[in-house]
Amino acid sequence: MEHNHIINHKQFVKTGRTVAFTPDVLKKVQSLIARYPKGEQKSALLPVLHIAQEELGGYLSTDVMDYVAGLLHITPIEVYEVATFYSMFYLEKTGKYVIEVCHTGPCSIAGGEQVLAYLKKTLGIDSGETTPDGLFTLNEVECLGACGNAPVMQVNTWFYEHLTCDKIDQILKELKENANQGKPNDSRWVEKFC
Amino acid sequence: MGRKILLADIAVPDIEEYHVYRANGGYRSVEKALLGMTPAEVSGEVTKSGLRGRGGAGFPTGLKWSFLDKKSEKPRYLVCNADESEPGTFKDRYLMHHLPHLLIEGLIVSCYALGVHTCYIYIRGEFKYLVGILENAIREARSHGFLGEKILGTPFNLQIFVHPGAGAYICGEETALLESIEGKRGNPRIKPPFPAFKGLYGCPTVVNNVETLASVGPIVMMGGETYATIGKGKSTGTKLISACGNINNPGVYEIELGLPVEDFIFGKEYCNGIVGHKSLKAVIPGGSSVPILPAGLMLKTAEGNTRLMTYESLSDGDFISGTMLGSGGFIVYGEDACIVRNTWNLTRFYRHESCGQCSPCREGTAWMEKILYRIEHGEGKPSDIDLLAKIARNIEGNTICPLGDAAAWPVASAIRHFREEFEDHVLHPAAVLEKERSVKERG
Ligand SMILES: Cc1cc2nc3c(=O)[nH]c(=O)nc-3n(C[C@H](O)[C@H](O)[C@H](O)COP(=O)(O)O)c2cc1C
Ligand code: SF4
Ligand code: FES
């Protein structure tokens, strides 16, 4: 996917923190691992990384990846090579809200470029950057599978569709107002699995 | 032509809930199959139905199932491909959101037919909200005895699990998908061996699309032969088409295969024509990976026959004057759309999504994107157009997986059908840029 991560030999961030899931989350994670055949516990890597990213700081620091490796009894490198491949995993600190704007064909012809330009202007940042208050990260992503409702963006995987500038103003306003009350419209990965 | 099979009950309020779904005839195919048919009889109905894979390639589902290694002592797996990342395609999301039980029902009957006891639904991570919906449907099905041990009192056991991806188009390719479930990077495997022999965890595996598997319940209920009378020729049944682009009514439509393309684009109950009463310029009918066709060839084949929404009619003329039904991701372009810009955009997509294993794909997509970027931005050279076509030719057929072809075809077909537009960009860049700017401001 993002070859940059490989070619630039991007340094993984080591925070030095001791990281661990809460007992409740850990229990869910163990039950997720049990969904796969004996000896194939590595299969739980993607779902567990989603949970880890969300529960343990919003991105995958080296400490978090090493912790996940330990949980799944695999080597850290097996986690790193997966974390660098998939675009939903972040290797650097992100804002509280990660805004991902679709810039692929169908969205692009329906105003996706204007949406992106408007967000850059309003937030005062370029794609790939985070606002100084740590609230918003702006990313450009490929087709989100919602092209009939273009232009489309996701905020922490929640869909916002048929975007207009007015609608974006409204969304940003609500997100800011709710910034201290957890994530609106966005329940946690760990709650998604029964 | 308006026959609905998958979406027949879509308008029933709360149809996503178990009780409503069940009261409307839901899960009857599970009862019919498990209590009254052998697994071979169920597969037989699917074969007779002529159902073809709805994920893109259109491979006959019954035939694919028949390849499953019957001699192996290992467990077998069914994997439902819900990765849906092909630009222009958003039908599976719609189906899973509104009719999650239709999918679960199809999975149960399919697993029974295939002798499978563990099934994974691989869903793209961006569809996180659907994970909860599917898990809930699975829980409901289990609590009503349709999943788990001894289903309906028979010896048949089945578990279904949802497995999320994490943002990688390539994981829709079936072997990359299997790697991804195994907790690895989504690098496609070299075939053979095919998944039917060595799939998930090296075991016999069938991978099918969401829509394909959701069709199995209705097929068992109506019988394969009846299903085969719907549609046209070898394109049996109905197909979900996700329509987007410069049309008045974007959305997901269930069409009976055989509908004329013109009726689909201009019919009031479907796309309802081009936005702003503009004229139709071009269509990519099967997701971004299939060749683009100009309006004339989209409505009529090179021989002047009415172009129909079928696998055969859309590919009539092969890649010279035809295209493919693909995933049913129908992207419509009005007269103002810039084909060069669009081709650049889609090539950027493939460059980004190439897993990087094969040099023709990794390097070729990067070069094509670079060249298309400079043509679109008024810095192209006349020789660039042939260079692009040549790179596309060198990728095609020379890679491990079909993503290479998928990246090459849009470029090759755009140049074939819209060469003047590329030449215009190269020869009169200032005029083209000015025109694009004014279209943008108006639009
Ligand atoms: C790059 C690439 C991406 C694909 N993405 C998808 C996808 O998102 N969903 C899908 O069902 N099939 C996708 N396919 C096709 C699958 O490999 C496979 O053929 C399909 O899931 C088989 O199901 P079917 O026979 O029911 O169509 C993709 C293929 C390629 C080469
Ligand atoms: S064709 Fe492209 S995506 Fe497919 S295996 Fe080769 S490099 Fe990867
Ligand atoms: S192109 Fe934006 S959601 Fe598909």
**Item:** B/Glu126/A/Thr157 under side chain to side chain contact (heavy atoms under 4.5 Å, CB included): CA gap, chis, key distance, verdict
**Value:** CA-CA 6 Å; B/Glu126 292 89 341; A/Thr157 69; 5.8 Å; no
**Asked** So which part of B/Val332 gets closer than 4.5 Å to some heavy atom of chain A, the side chain, the backbone, both or neither?
**Response** backbone
**Message:** Is B/Cys338 close to chain A through its backbone or its side chain, or both, or neither, when contacts mean heavy atoms under 4.5 Å?
**Reply:** neither
**Item:** Ring centroid separation A/Tyr36 to B/Tyr120 under 6.0 Å
**Value:** yes
**Message:** Any carboxylate oxygen within less than 4.0 angstrom of a Lys/Arg side-chain nitrogen, looking at A/Arg35 and B/Glu135?
**Reply:** yes
**Request:** Using a strict cut-off of less than 4.0 Å between a Lys/Arg side-chain nitrogen and an Asp/Glu carboxylate oxygen, indicate whether B/Arg93 and A/Glu161 qualify as a salt bridge.
**Result:** yes
**Prompt:** Between B/Ser288 and chain A, which part of the residue has a heavy atom less than 4.5 Å away: side chain, backbone, both or neither?
**Reply:** neither
**Prompt:** Within the side chain of A/Glu40, is there an N or O that forms a donor-acceptor pair under 3.5 Å with the backbone of B/Tyr201?
**Reply:** no
**Message:** Taking 4.5 Å as the heavy-atom cut-off, does anything in residues 240-247 of chain B contact chain A, and if so which residues?
**Reply:** B/Ala243, B/Cys244, B/Gly245, B/Asn246
**Asked** Going by the angle between their ring planes, with limits at 30° and 60°, are B/Tyr129 and A/Trp158 parallel, tilted or perpendicular?
**Response** perpendicular
**Asked** Looking at B/Lys128 and A/Glu54, does any basic side-chain N land under 4.0 Å from a carboxylate oxygen?
**Response** yes
**Asked** Can you tell me if A/His50 uses its side chain to pair, donor with acceptor, with the backbone of B/Gly165 under 3.5 Å?
**Response** yes
**Prompt:** Hey, mind stepping through B/Glu182 and A/Lys42 against side chain to side chain contact (heavy atoms under 4.5 Å, CB included) and telling me if it holds?
**Reply:** CA-CA 6 Å; B/Glu182 292 179 7; A/Lys42 182 177 172 181; over 6 Å; no
**Any donor-acceptor N or O pair under 3.5 Å, side chains A/Thr104, B/Arg348** = no
**Asked** Is it the backbone or the side chain of B/Tyr77 that comes under 4.5 Å from a heavy atom of chain A, or both, or neither?
**Response** side chain
**Asked** Yes or no on salt bridge (charged side-chain N to carboxylate O under 4.0 Å, His left out) for B/Arg341 and A/Glu113, after CA distance, side-chain angles and deciding distance?
**Response** CA-CA 12 Å; B/Arg341 187 170 187 78; A/Glu113 287 165 28; 2.9 Å; yes
**Item:** N/O donor-acceptor pair under 3.5 Å between A/Ser43 side chain and B/Gly183 backbone
**Value:** no
**Message:** Please classify the contact of B/Ser180 with chain A as side chain, backbone, both or neither, using a heavy-atom distance under 4.5 Å.
**Reply:** both
**Request:** Using atom types as modelled and distance alone, determine if a side-chain donor or acceptor of B/Asn345 lies under 3.5 Å from a backbone N or O of A/His103.
**Result:** yes
